[in-house]
There are 2 protein chains.
Amino acid sequence: MMVAANVRDVAALARVSVGTVSNVLNSTKKVAPGTEKRVLEAIETLGFVRNDAARQLRVGQSRMVGMMVLDVGNPFFTDLARGVEDTLALSSRSLILGNSAEDAAREESYLHLFEEQRVAGLLITPVSRTTDRLERLRRRGTPVVLVDRFGGIGDFSSVSVDDRRGGQIALQHLVDIGRVRPTFIGGSSAVVQVSERLHGAQSVLSEAGIAPLRVIERPYMSADAGRDAAEELLALDPSERPDSIFAANDLLALGVLQALTRAGVRVPDDIAIIGYDDIYFAASAAVPLSSVRQPTRGMGKAAAELLTAEIDGTAGSEFQHVVFEPELMARESTRVPT
Amino acid sequence: MMVAANVRDVAALARVSVGTVSNVLNSTKKVAPGTEKRVLEAIETLGFVRNDAARQLRVGQSRMVGMMVLDVGNPFFTDLARGVEDTLALSSRSLILGNSAEDAAREESYLHLFEEQRVAGLLITPVSRTTDRLERLRRRGTPVVLVDRFGGIGDFSSVSVDDRRGGQIALQHLVDIGRVRPTFIGGSSAVVQVSERLHGAQSVLSEAGIAPLRVIERPYMSADAGRDAAEELLALDPSERPDSIFAANDLLALGVLQALTRAGVRVPDDIAIIGYDDIYFAASAAVPLSSVRQPTRGMGKAAAELLTAEIDGTAGSEFQHVVFEPELMARESTRVPT
DNA sequence: GAGGACGATTGAATCGATATAACTCGAATC
DNA sequence: GATTCGAGTTATATCGATTCAATCGTCCTC
């Protein structure tokens, strides 16, 4: 097994000092054209690739940014990550993606990893409301930006969508098409997105004077969980069933849709369904799914820009909160029956 | 801004030497219970988190594994990554995921990043057939395992599904339901998966004595590309259109399905469609999509295990090739019209 | 009570790139 | 001719964790 070449080897071959090699690599100081050429050739012939661990140790910070999402299996988050990645590439930084799967322990373990790596910054959609670990990272000098979560708690910049408003939009839509017995299907209420969307939905109901919202809670917001929740509804006497469902995300909604359709329930005639996120697959579902859209890529871009500014120290002293507006995408699954 | 504590600070507070702190951190040598307790307390009070760059510099290798996939937006690859991640976690390694987006330049840039990081190993679904960079990584001592790609070219272990067989299965199914004018919609033929699936499909046709397969090539295998390809078919006179479509992956197939349905083409009556990968959303599509299933999680697990064995040196000297069998999932989109 | 034996602990050397102060050498200035 | 200047280059200290040979105690054995 070949031992990798280091700056010293490159310096020896190019007949210069290691300092000069470093200057070529980082273009920090002027290097004479002839010298630079010799160094580059030496790098080429030795197949030298800089050891980033050494660089990082000296510089004290990585060129990587950590990102924690709630579910990599959810296209919403992968879209978000792509927006972030593209923007980070502009300042030649790269992304390490961590998947908490809505689990506090997994989140903790990834944050520990990120801290060991001395990431340059952190983008996070936290599982819960506690921010101890985040405070600690910041005290260490690592900027943190909250994603898909308003930064009211703790002082962090944030990029978010008004989830309460989104919940209102969804439920108002169900009311508008004449539904009076809606059910909310969501993940753990500890997840802020879920509780905010629920609150938004409830606020509409109380104003419209409709019976309180029935709530079905599942620990994890996957399509499987949606199917499972639908089974619970199917076990009810048809007269007891809701006439409409608001699911906290599209994966849940698609799972519900699939289970209901399979059981012979007509969507939207018997039960209307609206989801959240407007992932790509919503529009192409068996019954095209109504949803509340979030401007995913734009959010990713905004988050990366906020973070980059904080890392580079070009951010002001104030924490920024970029809030996007959700938007109703009405489709077949909430059509008014004819 | 607080300066982070290091082993020296911990050692001072616990009244031991730095060597002992290291022994506690890595449990390499026996440490007296009392001493260990003092060290752990010091770590706790100082909020010490090991600087992995320093560790890595000394040890010469990272605890991270790099993984290059063709498309993070494709659930097939995120499922694969989750299988890998779960398995790596067993040996407390973590994953850096890189998305080449089927682009050789992006792939190159990620591989460079991985090399700078001195990743412990690499899992890759390469964009093309060239293996120069991979050879180089291996020469440096970094094990490489090919994923979703048979390792015939270059000597690498691999985990794959028999793509040619998958192509055969798909097209045989179309022939079985009586279709005689199939069209193949795929990504760039430089992508091995695409060309193999195509070859498999063609082999069925020549045996069945059916007219050669029409091929539509798109540079990228996304749902948008699928819609775009469908437009091309829709521009044809109906009598010229195919009676069936085999798409190289489900994203393409779902895009095609959506565009055709919107244009009033009946699926499967006018045109039958079969995809590839059997991603979750295939079954819940407007017309449930037939597909060729790959055992995604199992592949991820197998790949991670092969790689781990090579990293730990417990692998034999022979390169291993794990080949999974694809499986037909027949659904509504290829039903025989009644 | 001397000599091992063994477990626990120490401390200096080390990994590779970068930062910095010092230096060289030729040109420009007076 | 001495001095200043500055671009280019060099040599060395440094970052923080790990390693390993050396050392320290303590108990055991004869």
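Throughout, a chain's letter reflects where its sequence line sits, starting with A, and its residues are numbered from 1.
- Taking 4.0 Å as the cut-off between side-chain N and carboxylate O, B:R133 and B:E115 count as a salt-bridged pair.
- In this structure, the CZ atom of B:R63 is 11 Å from the P atom of D:dT18, given to the nearest Å.
- OP1 and OP2 of D:dG8 both lie 4.0 Å or more from every side-chain N or O belonging to A:T20.
- Residue B:L57 contributes atom CG, which lies 17 Å from atom P of D:dT14 at whole-angstrom precision.
- Atom CG in A:D9 sits roughly 13 Å away from atom C1' in C:dA17 (whole-Å rounding).
- When the C1' atom of D:dA17 is taken as reference, atom CG of B:L46 falls 16 Å away, rounded to whole Å.
- For the OP1/OP2 pair of C:dG16 and a distance below 4.0 Å, the side-chain nitrogens and oxygens of A:N6 include at least one atom meeting the criterion.
- The separation between B:R15 atom CZ and C:dG11 atom C1' is 17 Å, rounded to whole Å.
- Look at CD on A:Q56: it is 12 Å from P on D:dA17, rounded to the nearest Å.
- At least one side-chain heavy atom of A:V145 sits less than 4.5 Å from a side-chain heavy atom of A:E310.
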Subject >> Reading 5' to 3' through nucleotides 18-25 of chain C, protein heavy-atom contacts under 4.0 Å coded B for base, S for sugar-phosphate only, - for none >> reply: BBBB----

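- Side-chain atoms of B:D9 do not come within 3.5 Å of backbone N or O of B:A5 as any donor-acceptor pair.
- Taking atom CD of residue B:E36 and atom C1' of nucleotide C:dT9, one finds them 14 Å apart after rounding to whole Å.
- With sequence neighbours excluded, the residues that form a salt bridge (Lys or Arg N to Asp or Glu O under 4.0 Å) with A:E85 are B:R106.
- With the nearest nucleotide of DNA chain C identified for both B:R118 and B:K30, B:K30 has the one nearer the 5' end.
- A salt bridge between A:R138 and A:E135 is present, with a side-chain N of the basic residue lying under 4.0 Å from a carboxylate O of the acidic one.
- Atom CD of B:Q117 and atom P of C:dA17 are 13 Å apart (whole Å).
- No side-chain donor-acceptor contact under 3.5 Å links B:N99 and B:Y110.
- Here the closest non-hydrogen pair linking B:R38 and B:R15 is NH2-O, 3.6 Å.
- For the OP1/OP2 pair of D:dG8 and a distance below 4.0 Å, the side-chain nitrogens and oxygens of A:T35 include no atom meeting the criterion.
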